[in-house]
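Residue numbering restarts at 1 for every chain, and letters A, B, ... go by the order of the sequence lines. Everything numeric here is computed off the predicted structure, so don't read it as measured data.
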Number of protein chains: 2
Amino acid sequence: MAATPPPPGSPAWWAARPNPEALAAAAAEPRRGRPSLDTGHIVGTALRLVDEHGTQAFSLRMLADGLNSGTATLYRHFDGKDEILAYVVDRVLGEVDLDALSRSTDWREALTVTAHGFHDTLRRHPNTLPLLMAYVPVGPHGLAQRERVLAALLQHGLPADLAARAFTAVTHYVIGFTAQQYGPAAAPDHSAELAAFYGGLDPASYPALLEAARSLTSVAVDEEFEFGLTLLVRGLAHLAP
Amino acid sequence: MAATPPPPGSPAWWAARPNPEALAAAAAEPRRGRPSLDTGHIVGTALRLVDEHGTQAFSLRMLADGLNSGTATLYRHFDGKDEILAYVVDRVLGEVDLDALSRSTDWREALTVTAHGFHDTLRRHPNTLPLLMAYVPVGPHGLAQRERVLAALLQHGLPADLAARAFTAVTHYVIGFTAQQYGPAAAPDHSAELAAFYGGLDPASYPALLEAARSLTSVAVDEEFEFGLTLLVRGLAHLAP
DNA sequence: ACCTGAACACCGTTCAAGT
DNA sequence: ACCTGAACACCGTTCAAGT
C-alpha cells in the first residue's frame with residue numbers, strides 16, 4: 001500500500017518543501033531564458049487574478065493566459081492548483097506589515113499591532129479569505145510572522161504559554177471576523193445591506209435582534225472589530241502582569 | 001441595464017425568500033407523487049454528501065445520483081448550486097443546540113453556552129466550514145439562533161449595544177478558530193502533525209516560536225478554544241455590570 | 001531535453017425532446 | 001404540464017507529439 005502524500009498547504013507538506021531561504025533565492029533569481037515564468041511571478045500573477053476575479057472564478061487557464069503560456073507549462077513549476085494556492089496564501093501572509101512591533105512598548109500594544117497588521121492585509125485581499133481558512137498558515141512567511149510576534153510578546157515579559165495562546169486567539173479572531181465582514185458573499189456596501197435587511201424583518205418575530213440592531217447607532221464594521229480585540233487584550237490582562 | 005440579482009446566501013437574497021414558516025411548511029410537506037425530492041430532502045442529502053466528501057468534491061451530479069435523479073431535475077427546485085449550498089449552511093446553523101440558554105443564570109454563562117453550542121456543531125460538520133465563511137449567516141435558522149442568544153443576553157441585563165457586539169465577537173471567534181483547527185486542510189491528527197512540524201524546525205531560525213510551542217505541555221485544541229473564549233467573556237466583564 | 005497542443009474525464013448549467 | 005437525456009462551454013490534469 002502506497003502512503004498517500006500530504007495535501008498541499010498542510011504542515012507535513014510544507015515540511016517537505018525547500019527551506020524558506022532556498023525558496024526565496026529561487027523566486028528572486030529568474031530562470032534562464034524564461035524569466036517570465038519563475039515561481040515568484042506565477043504566484044504573484046495568481047494572487048492578482050484571485051484578487052480581481054475571486055477564488056471561484058480563478059482557473060489555471062486564466063493564470064496561463066495571464067502569463068502568456070499554457071496550462072501544461074504550469075505543471076513544470078508546481079504540482080497542481082492546490083500547490084499554487086498554498087503559495088498564494090503564504091504570499092498574502094508575507095504582506096502583513098509588522099514593523100510597528102519593534103516600536104511597541106508592552107505586550108498589549110504588540111498584540112493590538114499584530115491584529116491590525118493582519119486585519120489590514122486581509123482587507124486588501126478579501127477574495128483570498130476562503131483560502132486562508134482552508135490552509136494551515138505554516139508556509140515560510142506565515143512562520144516568519146509567527147516568530148516575530150511571539151518574540152515581541154516574550155520580550156515584553158509575557159509568559160511563553162500565554163503568548164502562544166494569545167497569538168492563536170487573536171489571529172483566529174481576526175480571520176473569523178474579516179471573513180464574515182469582507183468575504184466573497186459580503187457586498188461592498190455590506191453594512192448598508194445588512195441594515196436594510198434587519199429593517200425589513202418582522203418585529204414580532206425578532207424583538208431582541210431588532211433591539212440590538214437599533215442600539216448600534218451604525219453598523220460600523222471597524223468599530224466592531226476593535227471591540228472584540230479590546231475584549232481579548234483586556235481579558236488577557238487578568239492572567240498576566 | 002438590468003439590475004444584477006443578489007448572490008445566493010446574501011442578506012438581500014434571503015430577504016426575497018419566502019418567510020421561514022412557509023419554508024418549513026413546504027419542506028415538511030412531501031410533494032405529491034415525488035416525496036423523495038422535496039427541498040428538505042435535497043438539502044439534507046447535500047449536507048450529508050458535503051460531510052462525507054468535502055466541499056471540493058461535492059457536485060450536482062453526485063447530489064443527483066444520491067437522490068436517484070438527474071442534475072436537470074435539481075433546477076426545478078433550486079436556481080443552482082450556490083442556492084443549494086446557502087440552504088446547507090442554514091441547515092447546519094439549525095443544528096446548533098442552544099437549549100442550555102434557558103438554564104443560564106447570567107450573561108457570561110449565556111455567552112459561553114452559545115460559543116460551545118456553535119463550536120460543537122461546527123466540529124460535527126468540519127467540511128462545511130468553508131461554506132460558513134463564504135455565506136453571511138442570515139437564513140431562517142441563523143436568524144432564529146441570533147434572536148435566541150440576544151434575547152437571553154438582554155434578559156440577563158446586558159445592555160443592547162454590548163449584547164450585539166459580544167455576539168458578533170464570540171461567533172466570529174468560534175468560526176475563525178474552528179476553521180483553522182478542524183478545516184479541510186487540518187488532518188484528523190492535526191495536533192500531532194503540528195507538534196511534529198514544529199519539532200522539525202531549525203531552533204536558530206525560530207527561537208521564540210519553539211519556546212512558545214515547548215511551553216504548551218500539549219497542543220490541546222479544545223483547551224486553546226476555551227482560553228480565547230475566556231478572554232472574550234472576561235474582557236466583556238469590564239464593560240458590563 | 002524541454003515545452004505544449006490537444007485530449008481526457010470531469011464540472012455547472014441549459015434546453016429541446018420526450019412523456 | 002412536467003421531467004430529463006444530451007449537449008454546451010467550461011474545468012484540472014495528463015501525455016504524446018512536437019521542437
### Query
For the pair made of NE2 in His53(A) and P in dC10(D), what is the distance, rounded to whole Å?
14 Å
### Message
On DNA chain D, does the nearest nucleotide to Gly70(B) precede the nearest nucleotide to Tyr75(A) from the 5' side, or the other way round? Give the residue.
### Response
Gly70(B)
### Query
Of Ala72(B) and Arg61(A), whose nearest nucleotide on DNA chain D comes first from the 5' end?
Ala72(B)
### Message
Using the side-chain heavy atoms of Thr71(B), tell me which of these nucleotides is nearest: dC11(D), dA6(D), dC3(D).
### Response
dA6(D)
### Summary
Atom CG of Leu60(A) and atom P of dG12(D) are separated, to the nearest Å, by 4 Å
### Query
Quick one: Asn68(A) CG to dC3(C) P, roughly how many Å, whole number?
16 Å
### Approximate separation, where rounding is to 0.5 Å, of Thr121(A) OG1 and His116(A) NE2
12.5 Å
### Message
Can you measure Ile84(B) atom CD1 to dT13(C) atom C1' for me and round it to whole angstrom units?
### Response
12 Å
### Whole-Å distance separating the CG atom of Asp82(B) from the C1' atom of dT13(C)
12 Å
### Query
Between Arg48(A) and Asp51(A), is there a side-chain N and carboxylate O pair less than 4.0 Å apart?
no
### Query
Is there a Watson-Crick or G-U wobble partner for dA17(D) with both distances under 3.5 Å, and if so, which one is it?
none
### Summary
Using Watson-Crick geometry (N1-N3 plus N6-O4 or O6-N4) or G-U wobble (N1-O2, O6-N3), each under 3.5 Å, dG12(D) is paired with dC8(C)
### Message
In this structure, is the centre-to-centre distance between the rings of Trp14(B) and Tyr87(B) below 6.0 Å?
### Response
yes
### Query
Can you find a side chain N or O atom of Thr73(A) that sits less than 4.0 Å from OP1 or OP2 on dT4(C)?
yes
### Query
Quick one: are Asp38(B) and Ile42(B) in side-chain contact, heavy atoms under 4.5 Å?
no
### Query
How long is the line joining NZ of Lys81(B) and P of dT13(C), in whole Å?
8 Å
### Query
How many Å lie between CG on Leu67(A) and C1' on dT4(C), as a whole number?
15 Å
#### Entry: Distance, rounded to the nearest Å, where Met62(A) contributes CE and dC11(D) contributes C1'
12 Å
### Query
Do the ring planes of Phe177(B) and His119(B) sit parallel (below 30°), tilted (30 to 60°) or perpendicular (above 60°)?
perpendicular
### Task
Could you work out which one of dC3(D), dC11(D), dT13(C) sits closest to the side chain of Arg76(B)?
dC3(D)
